[in-house]
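For reference, the structure is listed below as structure tokens.
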Amino acid sequence: MKDSIGDSLMKYIVSTPDTLGGEPRIDGHRISVRNVLGYLSCMTVDEIQEDFCLSVEEIYAALFYAKLNPKGYKRLLKRIPMALLVEEE
């Protein structure tokens, strides 16, 4: 059985107590979900890829994680361009 898109994206998000104080982050990087959301508020996905060596999947994994856990990310999610938040059909 194939994984759902969400399952595929969530493999990029980890949380370990000894890195960034346990804050959810991109696996293999010291870049938190919160950081990625901040970058998305003022940078394009292409700029983030280039500047931070992240894949599109890693960037969208951070966005997906934040949408699943909006309580801690509500203010940051409001600052992200709507085009990134709307699911394509």
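- Transitive grouping of hydrophobic side chains (ILVMFWY, heavy atoms separated by less than 4.5 Å) keeps L68 and Y12 in distinct clusters.
- Taking OH of Y39 as the reference point, atom CG of L54 lies at 8.5 Å (rounded to 0.5 Å).
- Taking CD of E57 as the start and CD of Q49 as the end, the distance is 8.5 Å to the nearest 0.5 Å.
- Judged by distance alone, with hydrogens and angles left aside, the side-chain atoms of S15 form a donor-acceptor pair with the main-chain N or O of G22 at under 3.5 Å.
- For E50, the CD atom is loosely surrounded, since the number of other residues' heavy atoms within 6.0 Å does not exceed 12.
- Inter-residue side-chain proximity for H29 and E58 is flagged as met; some heavy-atom pair is nearer than 4.5 Å.
- Counting only heavy atoms from C-beta outward, the side chains of V14 and I26 never approach each other to under 4.5 Å.
- Shown here for L37 and A66, the closest heavy-atom pair between the two residues is CD1-CB, 3.5 Å.
- Separation of atoms CD1 (I48) and CD1 (I59) is listed at 5.0 Å; rounding is to 0.5 Å.
- The backbone N or O of G38 lies less than 3.5 Å from a partner atom in the side chain of S41, making a donor-acceptor pair.
- Residues L9 and L63 are not in side-chain contact: their nearest non-hydrogen atoms beyond the backbone lie 4.5 Å or more apart.
- Atom CG in L20 sits 7.5 Å away from atom CG in N35 (nearest 0.5 Å).
- Using a distance-only test at 3.5 Å, with no hydrogens or angles considered, a donor-acceptor pair links the side chain of R34 to the main chain of G72.
- By the 30° and 60° cut-offs, the orientation of the rings of Y73 relative to Y65 is perpendicular.
- The closest side-chain heavy-atom distance from V33 to R25 is not below 4.5 Å.
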